[in-house]
Amino acid sequence: MIKQTEGSQAVAEAVALCRPEVICAYPISPQTHIVEGLGALVKGGELAPCEFLNVESEFAAMSVAIGSSATGARTYTATASQGLLFMVEAVYNASGLGLPIVMTVANRAIGAPINIWNDHSDSMSQRDCGWIQLFAESNQEALDLHIQAFKLAEEMSMPVMVCMDGFILTHAYEQVDMPDQAQVDAFLPPYEPRQVLDPAEPVSIGAMVGPEAFMEVRYLAHAKQTMALDRIPEIAAEFHEVFGRDAGGLVRGYRIEDAETIVVALGSVVGTLEETIDTMRAEGVKIGVLSIRCFRPFPMAAVRAALARCARVVVLEKSFAVGLGGIVSTDVRLAMVRIHVRGYTVVAGLGGRPITQDSLLRVLRLAVADELKNLTFLDLDWDIVNNHLAREAASRRTGPIAENLLRDIGASAPTRKARP
Amino acid sequence: MTMKKPFAITLDPGSSLANKTGAWRTERPVYVDRLPPCNAECPAGEDIQGWLYHAEGGDYQAAWHHLVRENPFPAIMGRVCYHTCEGACNRGQLDAAVGINSVERFLGDEALKQGWQFDAPELETGKHVLVVGAGPSGLSAAYHLRRIGHRVTVIEAGEAPGGMMRFGIPKYRLPRDVLDAEVARIAALGVTFSYGEKVADIRASMAEVGADAAYLAIGAHIAKRAFIPAKDSAHILDAVAVLRSMEGEAPPMLGRRVVVYGGGNTAIDVARTARRLGATEAIIVYRRTRERMPAHDFELEEALEEGVKVKWLSTITGAEGGTLTIEKMVLDGEGRPQPTGEFETLDTDSLVLALGQDVDMSLLSGVPGLVAEDGVVQVDAATQMTGYPGLFAGGDMAPGTRNVTVAIGHGKRAARNIDAWLRGEVLAPKVPKPVAAFDALNPWYYSDAPKTLRPQLDIARRTSSFDEVQGGLTEATALFEARRCLSCGNCFECDNCYGVCPDNAVIKLGPGLRFEINLDYCKGCGICASECPCGAIEMVLEEG
Amino acid sequence: MTQPIKFYQTGTFTVGNRLLPEDLRTVQSSEARDNSLNSGHRACQGCGEALGARYVVDAAMRATGGQLIAANATGCLEVFSTPYPETSWQLPWLHSLFGNAAAVGSGIAAALKVKAQKAGQAQSTIRVIAQGGDGGTTDIGFGCLSGMFERNDDVLYICYDNEGYMNTGVQRSSATPPAARTATTQPLGPEPGAEFGKGKNVPLIAVAHEIPYVATATVADLHDLEAKVEKAMSMHGARYLQVFVPCPLGWGAASCDTIRLARLARETGLFPVFEAENGEITAVTKIRRPVPVDDYLRLQKRFAHLFGPKGHPETIARIQAMADKNIKRFGLMAEEGAA
């Protein structure tokens with residue numbers, strides 16, 4: 001059914017169609033509308049039987065999810081940003097225990113300084129946590145990925161994070177095609193746990209494993225994710241059969257067949273990039289965009305195959321490893337190890353900084369001309385940065401960077417004087 | 001459903017049994033049976049804790065059978081035994097000692113009521129033992145010898161069995177029907193009794209009946225005299241004669257004012273008897289103080305309740321007509337009475353001397369190897385055998401405290417050693433088990449339970465009749481009292497060790513079978529031992 | 001005669017007693033007990049927590065007919081019971097993290113509720129316990145615990161209180177008593193050991209949540225402990241049981257004194273044993289044999305600095321005052337002449 005709705009509401013409805021049995025959540029912007037929507041569906045009896053728990057923290061949310069998933073219930077939660085970080089210990093634990101929890105991450109920056117707007121810092125901080133990470137380009141895809149995520153998670157006995165850009169997707173009203181229950185039921189079988197807490201067959205889950213077996217356990221987790229690389233495209237194909245739509249898979253290329261320059265990106269920015277590419281193609285630039293839809297497991301072979309014939313790669317990412325540079329770029333470079341292409345990293349959109357067509361055109365043109373620096377920060381205000389660096393060069397003790405920057409742009413309260 | 005368990009993270013239940021934690025142990029718990037202090041104290045060697053164990057469960061018949069393995073007279077014991085066991089009872093340090101004596105009496109009375117009999121001997125040995133004297137010691141020996149399977153003949157000088165139990169202990173303490181019934185049960189075992197026959201020459205008597213061994217227990221019946229200058233008119237009697245005449249046709253004529261001279265239990269028995277015979281005044285004259293009196297304080301107390309009076313620190317120095325001369329005494333530094341030279345007089349109708357008894361050893365004359373010293377026959381303390389092989393002696397005529405229970409103990413010891421001697425063996429001395437002292441217990445676990453007091457006859461009837469003074473317990477109160485037993489040093493299957501082991505390393509073997517340590521898993525923490533209420537577990541160092 | 005026949009030598013103080021009717025004996029006295037925590041676990045000699053855990057879980061197993069799932073916090077109990085490749089647990093058991101056992105329990109309960117609804121049942125026949133040490137409960141797991149309480153999730157949470165972080169090498173927790181030596185409260189300075197005026201009383205905080213049931217118990221009174229577990233399992237909603245479990249290693253006590261110490265903690269008044277329902281204290285276990293705190297403290301090396309020539313009698317007096325305050329506050333002393 002085609003409907004005009006908010007991204008969060010679309011996801012809520014899609015999740016509900018998956019018949020989750022336990023939902024637990026702690027509110028954090030920009031995830032709130034998703035769980036509010038689900039809460040209403042449960043409270044209104046439309047989603048039943050389902051337990052909706054208002055927990056006291058994200059740590060508890062993931063912990064409740066661990067308990068319920070281990071007891072054989074299809075379990076869902078959602079979070080973002082600080083919330084994801086607050087539950088990190090349990091996030092690792094869920095994957096270590098092999099529990100097929102599905103979690104939406106409404107991607108948002110991480111503080112300090114506190115910032116509620118979109119980037120991918122939160123999900124990227126968890127790229128090594130053992131979860132499958134899927135990134136949605138649009139609300140339709142976000143909706144579709146959740147349906148696929150439950151199937152994938154439960155088949156692999158592994159948790160799946162569906163990442164969608166906070167506000168940009170979660171709060172955007174778009175037209176989506178909402179499947180009906182019969183379609184989802186046809187695609188997604190009831191949850192059959194591989195291991196479950198059951199008095200009829202008691203097991204101890206969560207043993208302490210020492211040096212004698214820990215390496216093997218970690219390798220097996222890796223091997224399982226590697227197996228998911230095969231299963232993810234299959235599930236996307238099965239999804240296409242039932243729903244008649246393309247969604248998911250490992251990567252998706254746009255105009256890359258003859259591209260000399262390929263921009264690699266994740267999430268909603270891919271849509272913006274497609275328009276930019278169209279503009280540049282119209283100018284005769286052989287450029288395309290590669291959307292990484294599955295970031296973990298990292299589709300090394302698919303990325304390599306997509307990039308094999310181009311001359312240069314620009315990774316445009318909404319994440320940033322302080323002290324290093326790009327995060328996605330690092331992985332993409334690994335895929336480029338034996339193919340001789342030039343690589344550029346463009347860090348963009350941190351903390352919700354708009355990524356405009358103009359800016360994209362500017363950096364991509366520089367890239368195509370091989371005039372781009374290896375690491376570029378899109379629309380960085382160099383005046384502010386240089387001011388601060390100069391100040392710091394003069395004195396080692398200049399106070400908090402954030403407040404100094406705000407003062408530079410005239411948005412700060414008067415600086416507190418040091419006490420005598 | 002069979003789970004696909006993730007490697008290492010998910011494990012099968014209870015698989016830790018593969019880890020034998022017993023290897024950590026440096027000490028191991030060992031179940032022991034320590035000697036309860038009551039048992040250690042009992043002159044008759046009763047397994048008190050053992051029979052109380054059955055009584056606690058309400059199986060009085062089993063309790064009685066267990067009891068009479070050591071002592072055939074529970075009904076008598078329950079009345080006349082001075083129950084030193086209760087003085088040793090660890091429960092005394094908690095609230096009050098277990099009323100062992102009252103439970104014993106209950107069992108004894110219950111046996112008489114129910115007509116329980118001793119188990120017949122399992123075999124006949126063909127040996128014959130002569131027992132001289134049917135007092136407590138002789139009867140005890142006869143009983144034990146017969147149960148072993150020996151033929152036993154008892155020759156008694158008196159006209160009825162019981163010895164001092166009949167001729168020394170007043171009826172109000174030991175009703176004669178109880179005595180008769182418990183003796184009859186021994187006779188029913190097949191012991192031959194001969195009354196009114198005095199053995200003049202033991203070796204001749206043995207030859208006459210064809211005895212292979214003999215046990216002498218003729219008691220001490222000759223009253224000691226004190227030198228009291230007395231004129232003819234003074235009415236002076238001895239305690240033994242007075243108490244014996246109570247068993248005769250006519251009661252002794254003591255008069256309205258009676259003075260008893262002495263400080264032992266016999267003196268008190270006489271004074272209390274005098275009150276019952278109508279004496280308005282019964283006065284005990286004793287040369288020392290109450291604290292130093294040999295008589296048991298509870299007997300004195302009962303006597304005082306009945307109106308008996310005592311003149312402490314007094315000796316009788318003369319008697320003329322109805323007047324006694326009394327000299328006041330003081331105790332010297334060593335507690336001995338010394339004359340003061342202060343005199344007073346005391347009017348009386350009769351004076352009864354209760355100054356102790358001597359043994360008539362005439363039947364032993366000419367027996368080689370026999371040694372008589374301090375007025376008693378010397379015996380090997382471990383066997384009761386005299387210097388003459390095959391001739392054993394005990395009771396009041398042998399060294400030891402003179403009371404019924406000690407005499408019964410002598411009889412048992414003699415019987416077992418006679419049996420060994422008849423088989424040409426010597427009983428190996430028993431290795432004494434360590435006594436379960438109070439500090440070996442964990443008294444926390446015992447419920448608070450005050451001692452049950454036995455009913456006593458009211459004073460009016462105590463001074464006007466020879467009815468039994470002390471009553472018995474009911475079934476309910478006897479059970480309660482039995483359950484006050486702490487079972488010192490002996491497992492009573494409270495399940496504590498089984499429950500408190502953090503390693504489930506105690507195996508419960510089932511009712512009556514106690515427990516076993518599973519050394520595969522016992523880490524030797526010692527909680528079972530420290531939480532055992534009765535001290536029946538000991539921690540022992542592991543070898544190596 | 002107040003109890004002419006109903007007297008069983010050890011009454012209900014021992015684990016069992018051949019004289020007691022079966023129904024008055026403890027679960028632990030039974031040869032058929034579950035041994036939910038089986039032999040072969042790696043707890044130290046005389047571990048109070050191992051004992052307490054078997055007591056509680058066996059009782060809960062009995063109460064639920066074996067229909068029980070446990071969530072377990074990280075800590076000694078988890079480490080000594082489930083080192084790969086062996087587990088000592090005989091019931092479905094899940095260890096997730098140090099600070100989330102209560103929330104994991106909530107999740108299990110939620111899953112069971114939905115499964116029951118799907119099976120057409122009003123409530124699940126399978127019940128949930130969550131358990132942890134005092135660190136996992138009163139400190140790092142406190143948020144999840146409070147959340148489980150306020151949502152009234154159908155979980156019995158059991159805190160095995162051994163007054164410190166024993167698994168990590170005996171550090172102070174918010175359940176460590178004043179003056180106790182731990183690796184982070186050394187017996188140094190003017191106020192040696194843990195400081196006075198710190199720490200929290202989680203049982204009372206639980207009571208303040210007005211949850212259906214809160215109780216404290218010790219490994220020294222098995223009948224009381226089992227009765228509380230049974231009662232807790234007869235109820236639904238959030239329930240909390242704090243069991244006092246001495247730690248021979250962490251307290252510097254003899255391994256054989258574990259139960260003795262638990263008994264003394266109660267009898268001194270330092271560990272009040274009580275029950276509360278829906279925010280009201282409904283019962284206290286009276287002190288049976290009053291003892292001064294000295295008797296308890298002396299058995300433990302963690303208090304050794306209080307004794308001897310360089311001791312701190314004034315500190316002992318402060319601890320005694322704490323016990324006296326408990327006695328007064330909870331009414332722990334039996335009335336004169338009663339019982």
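Each chain gets a letter, A, B and so on, in the order the sequences are listed, and its residues count up from 1.
Within 6.0 Å of atom NZ in C:Lys200, more than 12 heavy atoms from other residues, nucleotides or ligands are found, so the atom counts as buried in its surroundings.
Here the OG1 atom belonging to C:Thr82 is positioned 11.5 Å from the CD1 atom belonging to A:Ile205, to the nearest 0.5 angstrom. Here the straight-line distance linking atom CD1 of A:Ile66 with atom CD1 of C:Ile108 works out to 10.5 Å at 0.5 Å rounding. With values rounded to the nearest 0.5 angstrom, A:Met87 atom CE is found 12.0 Å from C:Asn100 atom CG. Between A:Asn93 atom CG and C:Leu94 atom CG the span is 7.5 Å, to the nearest 0.5 Å.
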Donor-acceptor pairs are to be reported for all side-chain atoms of residues 63-76 of chain C against protein atoms at under 3.5 Å, with residues two or more places apart or in another chain.
| unit_1 | atom_1 | unit_2 | atom_2 | d |
| --- | --- | --- | --- | --- |
| C:Thr64 | OG1 | C:Ala60 | O | 2.8 |
| C:Thr64 | OG1 | C:Met61 | O | 3.4 |
| C:Thr64 | OG1 | C:Gln67 | N | 3.4 |
| C:Asn72 | OD1 | C:Trp93 | NE1 | 2.9 |
| C:Asn72 | OD1 | C:Gln131 | NE2 | 3.0 |
| C:Thr74 | OG1 | C:His95 | NE2 | 2.7 |
| C:Thr74 | OG1 | C:Leu97 | O | 3.4 |
| C:Thr74 | OG1 | C:Phe98 | N | 3.0 |

Below 3.5 Å, can you tabulate the donor-acceptor pairs from side chains in residues 201-211 of chain C to any protein atom, sequence neighbours excluded?
| unit_1 | atom_1 | unit_2 | atom_2 | d |
| --- | --- | --- | --- | --- |
| C:Asn201 | OD1 | C:Leu204 | N | 3.2 |
| C:His209 | ND1 | C:Ile205 | O | 2.8 |
| C:His209 | NE2 | C:Ser146 | OG | 2.8 |

Can you list, pair by pair, the side-chain donor-acceptor contacts under 3.5 Å of residues 115-123 of chain C, counting residues two or more places apart and other chains?
| unit_1 | atom_1 | unit_2 | atom_2 | d |
| --- | --- | --- | --- | --- |
| C:Lys115 | NZ | A:Gly72 | O | 3.3 |
| C:Lys118 | NZ | A:Glu21 | OE2 | 2.6 |
| C:Gln123 | OE1 | C:His236 | NE2 | 3.4 |

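Each of C:Ala103, C:Ala130, C:Ala111 has some count of heavy-atom pairs under 4.5 Å with chain A, and the biggest count is that of C:Ala103. Comparing C:Gly99, C:Gly105, C:Ala109 by how many heavy-atom pairs each has under 4.5 Å with chain A, the most go to C:Gly99. For the set C:Pro85, C:Ala110, C:Ser88, the entry with the most heavy-atom pairs within less than 4.5 Å of chain A is C:Ala110. The residue among C:Ser106, C:Cys144, C:Pro83, C:Ser81 with the most heavy atom pairs within less than 4.5 Å of chain A is C:Cys144. Between chain C and the residues A:Ala61, A:Ala70, A:Ser68, the largest count of heavy-atom pairs under 4.5 Å involves A:Ser68. If you tally non-hydrogen atom pairs under 4.5 Å between each of A:Ala73, A:Ala207, A:Pro49 and chain C, the highest count goes to A:Pro49.
C:Glu86 does not touch chain A: none of its heavy atoms, backbone or side chain, sits under 4.5 Å away.
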Step-by-step side chain to side chain contact (heavy atoms under 4.5 Å, CB included) determination, C:Lys113 to A:Val22: CA-CA 10 Å; C:Lys113 188 172 171 188; A:Val22 175; over 6 Å; no
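Within residues 28-47 of chain C, no residue has any heavy atom under 4.5 Å from a heavy atom of chain A.
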